[in-house]
Amino acid sequence: MGIVIKPIVTEKMTGMSEKLNRYGFRVQKDANKLEIKRAVEAMYNVTVTDVNTMVVASKKKIRYTKSGMIKGKTSAYKKAIVTVKDGEQIDFYSNI
């Protein structure tokens, strides 16, 4: 598997991509900004100007079922916000 695991396509990220030319990706935890920049440029043929990263913490989840409470948690992951050069854009739906 590569550095970039999958793009983040949410309402908030779609708004950022339309207005600010910024796109979100879920990436491997040990990836640094230079590796993320090279991977995005190679995958989508765009020029990346800036990369911001953050580690999203895990969240506790509780489900109430017939047999009682089931406790668990979501996994933590690393997220990268990539800024693309003006005039260029990434189309996530081109190869569907």
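Numbers here are sequence positions counted from 1. Scope of the values below: all heavy atoms of this structure, side chains included, with no hydrogens, waters or symmetry mates. Quantities reported herein were computed from a predicted structural model and do not represent experimental measurements.
- I8 is not connected to F25 by any chain of hydrophobic side-chain contacts under 4.5 Å among Ile, Leu, Val, Met, Phe, Trp and Tyr, and they are in different clusters.
- Rounding to the nearest 0.5 angstrom, the gap separating the CD1 atom in I36 from the CD1 atom in I3 is 7.5 Å.
- For S75, the side-chain hydrogen bond (donor to acceptor under 3.5 Å, both in side chains) criterion is met by no residue, not counting sequence neighbours.
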Under 3.5 Å, which donor-acceptor pairs link side chains of residues 10-17 to any protein atom two or more places apart or in another chain?
from	atom 1	to	atom 2	distance (Å)
T10	OG1	M13	N	3.3
T14	OG1	T10	O	2.7
S17	OG	M13	O	3.4
S17	OG	T14	O	2.7

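- Residue pairs that meet the ring-ring contact (aromatic ring centres under 6.0 Å, His included) test with at least one member in residues 65-89, sequence neighbours left out, do not exist here.
- Here the closest heavy-atom approach between residue V84 and residue E88 is recorded as CG1-CB, 3.7 Å.
- Distance check: R26 CZ to K6 NZ gives 5.5 Å after rounding to the nearest 0.5 Å.
- K78 and A31 get closest at one heavy-atom pair: NZ-O, 2.7 Å.
- Side-chain heavy atoms closer than 4.5 Å link hydrophobic residues (I, L, V, M, F, W, Y) into clusters, and following such links, possibly through other members, connects V82 to F92.
- With values rounded to the nearest 0.5 angstrom, N21 atom CG is found 11.5 Å from K85 atom NZ.
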Can you list, pair by pair, the side-chain donor-acceptor contacts under 3.5 Å of residues 38-64, counting residues two or more places apart and other chains?
from	atom 1	to	atom 2	distance (Å)
E41	OE2	V48	N	3.1
T49	OG1	T83	O	3.2

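- No side-chain heavy atom of Y23 sits less than 4.5 Å from a side-chain heavy atom of I81.
- Side-chain atoms of Q28 do not come within 3.5 Å of backbone N or O of I5 as any donor-acceptor pair.
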